[in-house]
Enquirer: 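Attaching a single structure in structure tokens format; questions to follow.
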Amino acid sequence: LFLKNQIIPILSFFDKIRFMFKNIVINILGIFNSRILGFIRDLLSASILGANIYSDIFFIAFKFPNLFRRIFAEGAFTQSFLPSFTKATFKPKFAYTVFKNMFIIILILSLFVTLFSDIITQILAYGFSESAKKIASPLIAINFWYLDLIFIVTFLSSLLQYKKHFATTAFSTALLNISLITALLLSMNLEKEKIIWYLSFAVVIGGVAQVIAHIIAAKKYKILKLLYTGAISKKEVDISSFKKHFLPSIFGNSTAQISAFIDTWLATFLTAGSISYLYYANRLFQLPFALFAIAISTVLFPKITKELHQGLEKKALLSLKKVFWLLFYLLILATIVAIIDSKEIVKLLFQRGAFTSEDTKHTAIVLIMYTIGLIPYGLNKLFSNYLYATHRHIKAAKISAISLFVNIVFSIILIAPLKVYGLALASSIGGVVLFILTIKEFSFNEFIKLFEKKYIFGMILVIVFSILAALIFKEILWLVLK
């Protein structure tokens with residue numbers, strides 16, 4: 001009876017999501033591959049650069065374009081573009097017009113940052129000394145050109161998603177890490193100031209490699225032909241729906257990224273190394289967030305967008321329900337393991353060379369503070385996608401604005417007593433507010449309907465399993481590190 005009423009329904013649930021499972025697995029494998037290379041990169045960076053003013057300078061220089069990379073690549077552009085593209089009567093011209101207009105704007109912005117990098121540096125690195133700002137200024141200008149490249153990648157990625165092709169985008173993110181790893185290996189015996197120059201040029205080279213990979217895939221799936229058709233067409237298209245939704249979508253999807261950016265800026269006022277603690281802890285936080293939340297929501301979004309466009313709301317809600325529990329279970333496991341094993345994980349990955357045991361202690365506590373927000377931020381990706389698919393971009397942007405305000409207020413309140421730990425905790429508090437307000441807009445009643453007894457029982461099993469797994473993993477890490 002127990003098997004029939006509890007275990008079989010849970011297994012049946014996973015069987016029902018097999019139609020999306022292939023693309024989800026491809027996305028997870030691609031992101032996992034990239035993150036493993038990312039950790040190798042961070043391992044080398046921690047060992048060669050350590051946590052000091054030079055690592056802080058590079059992280060500041062890379063933070064600005066990386067902020068936009070995450071906003072674009074993790075769904076903001078796609079969430080405004082795909083619904084409008086799906087409804088467009090002449091898709092080639094619509095796609096080409098959006099690309100042309102957006103690329104011109106981003107190109108002008110990159111030229112502005114290059115010409116006025118000193119002013120931008122004064123804003124981004126306000127708490128740095130003048131000598132540190134002088135070093136950072138040209139690096140900020142170089143790193144910013146990555147934004148132009150990642151926009152091309154994101155645009156082609158959105159069209160590939162429409163064609164139900166996810167592999168290129170998932171796996172090509174590794175190219176940036178390969179470029180940075182190569183730069184670290186080539187420059188490891190040089191002065192630290194020269195190393196961060198190598199890294200900055202490696203960012204641009206990695207972006208070029210990603211663009212090339214997407215152009216190859218776009219040619220295979222006849223996307224280049226579609227864009228060429230749009231370029232030579234004399235037809236007029238209306239892209240007002242995209243313009244209307246773009247900025248709200250960008251802002252609504254970027255709360256976690258803007259929060260991390262604010263943390264980094266405020267950390268410039270703290271002791272040297274604080275920015276690096278935030279960076280390394282956030283990198284660890286981003287692993288399960290990207291591996292599970294982004295991978296799953298990326299596959300779900302084009303599916304529910306098409307279903308809602310066809311008037312199949314019940315089917316779209318069913319699709320959402322099928323992946324909600326899969327994501328929830330995975331996030332519970334990741335949260336418990338990260339909190340219980342935080343110190344051992346940081347020590348295993350980063351404590352060597354210039355990265356000391358004191359750096360490990362600080363980074364581990366920051367990781368715990370960030371991890372508190374993993375479940376709300378992760379689940380919010382699913383439900384915010386539903387808001388975007390139903391064209392509630394402005395509502396999502398308002399919710400993000402409130403969440404961001406809460407985050408800033410708590411950052412200011414907590415930075416004095418808790419220092420760098422307070423900044424990470426404030427980010428998690430903002431994530432909780434973001435999730436609650438998103439669910440309120442989505443519908444509390446529809447959300448409650450997701451919690452059937454069989455899934456709640458599964459949740460209890462996952463919690464117990466996660467605690468046991470975390471404790472066993474902690475012992476294994478202790479033996480490895482002993």
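As the structure is a prediction and not an experimental result, all values here were calculated from the model.
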Enquirer: Under the side-chain hydrogen bond (donor to acceptor under 3.5 Å, both in side chains) test, which residues partner Thr371, sequence neighbours left out?
Expert: none
Enquirer: Has Thr97 got a side-chain atom pairing as donor or acceptor with Lys93's backbone, closer than 3.5 angstrom?
Expert: yes
Enquirer: Check step by step if side-chain hydrogen bond (donor to acceptor under 3.5 Å, both in side chains) holds for Asp359 and Thr356.
Expert: CA-CA 5 Å; Asp359 296 329; Thr356 67; 3.2 Å; yes
Enquirer: Using modelled atom types only, decide if a donor and an acceptor are shared between the side chain of Ser158 and the backbone of Thr154 within a distance under 3.5 Å.
Expert: yes
Enquirer: Is there a donor-acceptor pair under 3.5 Å between the side chain of Ser403 and the backbone N or O of Gly430?
Expert: yes
Enquirer: Within this structure, what is the CD-NZ distance for the pair Glu130 and Lys134, rounded to the nearest 0.5 Å?
Expert: 10.5 Å
Enquirer: Strictly distance-based, threshold 3.5 Å: is any side-chain N or O of Ser384 a donor or acceptor partner for the main-chain N or O of Lys381?
Expert: yes
Enquirer: With the side chain counted from C-beta on, respond yes when Ile399 and Leu434 share a heavy-atom pair under 4.5 Å apart, and no when they do not.
Expert: yes
Enquirer: For the pair Ser276 and Ser55, evaluate side-chain hydrogen bond (donor to acceptor under 3.5 Å, both in side chains) and give the outcome as yes or no after the intermediate values.
Expert: CA-CA 7 Å; Ser276 299; Ser55 61; 2.9 Å; yes
Enquirer: Are Thr114 and Trp145 side-chain neighbours, meaning at least one heavy-atom pair lies under 4.5 Å?
Expert: yes
Enquirer: Answer yes or no: does atom CZ of Phe410 have more than 12 heavy-atom neighbours from other residues, nucleotides or ligands under 6.0 Å?
Expert: no
Enquirer: Can you measure from CG (Leu180) to CG (Leu199) and round to the nearest 0.5 angstrom?
Expert: 6.0 Å
Enquirer: Between Phe62 and Tyr146, what is the ring plane arrangement, given parallel below 30°, perpendicular above 60°, and tilted in between?
Expert: tilted
Enquirer: Taking the side chain as every heavy atom from C-beta outward, state whether Pro288 and Leu330 have any atom pair closer than 4.5 Å.
Expert: no
Enquirer: Listed by chain and number, what are the side chain to side chain contact (heavy atoms under 4.5 Å, CB included) partners of Ile108, not counting sequence neighbours?
Expert: Ile104
Enquirer: Please state whether the rings of Phe201 and Trp197 are parallel, tilted or perpendicular, taking 30° and 60° as the class boundaries.
Expert: tilted
Enquirer: Do Phe81 and Phe242 make a side-chain contact, defined as non-hydrogen atoms from C-beta onward lying under 4.5 Å apart?
Expert: yes
Enquirer: Is the backbone of Leu278 close enough, under 3.5 Å, to the side chain of Asn282 for a donor and an acceptor to pair up by distance?
Expert: no
Enquirer: Check this for me: Lys91, atom NZ, are more than 12 non-hydrogen atoms of other residues, nucleotides or ligands nearer than 6.0 Å?
Expert: yes
Enquirer: Dump the intermediate steps for ring pair (Phe, Tyr, Trp, His ring centres under 6.0 Å) on Phe355 and Tyr280, then the final yes or no.
Expert: CA-CA 11 Å; Phe355 199 94; Tyr280 289 120; 5.5 Å; yes
Enquirer: Are the side chain of Ser233 and the backbone of Thr229 linked by a donor-acceptor contact shorter than 3.5 Å?
Expert: no
Enquirer: Distance check, rounded to the nearest 0.5 Å: Leu437 atom CG versus Asn380 atom CG?
Expert: 9.5 Å
Enquirer: To the closest 0.5 Å, what do you measure between NE2 (His165) and CG (Leu156)?
Expert: 11.0 Å
Enquirer: Which of parallel (below 30°), tilted (30 to 60°) and perpendicular (above 60°) describes His362 and Tyr277?
Expert: tilted
Enquirer: Under 3.5 Å, is there a donor-acceptor pair between the side chain of Ser400 and the main chain of Ala396?
Expert: yes
Enquirer: For Phe269, is the CZ atom crowded, meaning more than 12 foreign heavy atoms sit under 6.0 Å from it?
Expert: yes
Enquirer: Does Thr360 use its side chain to pair, donor to acceptor, with the backbone of Val346 at less than 3.5 Å?
Expert: no
Enquirer: Could you state the interatomic distance from CG (Leu82) to OH (Tyr388), rounded to the nearest 0.5 Å?
Expert: 14.0 Å
Enquirer: Got more than 12 heavy atoms from elsewhere within 6.0 Å of NZ, Lys395?
Expert: no
Enquirer: Does the side chain of Ile196 come within less than 4.5 Å of Leu49's, by heavy atoms?
Expert: yes
Enquirer: According to side-chain hydrogen bond (donor to acceptor under 3.5 Å, both in side chains), who are the partners of Gln122, at least two apart in sequence or on a separate chain?
Expert: Lys133
Enquirer: Taking all non-hydrogen atoms of both residues into account, name the closest pair between Val406 and Val433 and its distance.
Expert: CG1-CG2, 4.0 Å
Enquirer: Using 30° and 60° as the class boundaries, would you call the ring planes of Tyr370 and Phe285 parallel, tilted or perpendicular?
Expert: tilted
Enquirer: Main chain of Phe166, side chain of Thr169: is a donor-acceptor contact present, judged purely on distance under 3.5 Å?
Expert: no
Enquirer: Can you find a heavy atom in the side chain of Ser274 that is under 4.5 Å from one in the side chain of Lys419?
Expert: no
Enquirer: Can you confirm whether more than 12 heavy atoms, excluding those of Phe171, are under 6.0 Å from its CZ atom?
Expert: yes
Enquirer: Donor-acceptor pair, distance only, cut-off 3.5 Å: does the side chain of Asn385 make one with the backbone of Ser297?
Expert: yes
Enquirer: Check side chain to side chain contact (heavy atoms under 4.5 Å, CB included) between Leu348 and all other residues, then give those that pass, not counting sequence neighbours.
Expert: Leu477, Val480, Leu481
Enquirer: What pairs of residues pass the salt bridge (Lys or Arg N to Asp or Glu O under 4.0 Å) test when at least one of them lies in residues 209-231, not counting sequence neighbours?
Expert: none
Enquirer: Can you label the angle between the Phe116 ring and the Phe112 ring as parallel, tilted or perpendicular, going by 30° and 60°?
Expert: tilted
Enquirer: Taking atom CZ of Phe90 as the centre, does the number of heavy atoms from other residues, nucleotides or ligands within less than 6.0 Å exceed 12?
Expert: yes
Enquirer: Do Asp42 and Tyr279 have side chains that approach each other closer than 4.5 Å (heavy atoms only, starting at C-beta)?
Expert: yes
Enquirer: Distance from Thr438 atom OG1 to Leu382 atom CG, nearest 0.5 Å?
Expert: 11.5 Å
Enquirer: Is the Phe151 ring parallel, tilted or perpendicular to the Phe155 ring (thresholds 30°, 60°)?
Expert: tilted
Enquirer: Just jot down the side-chain hydrogen bond (donor to acceptor under 3.5 Å, both in side chains) partners of Ser117, sequence neighbours excluded, or say none.
Expert: Ser137
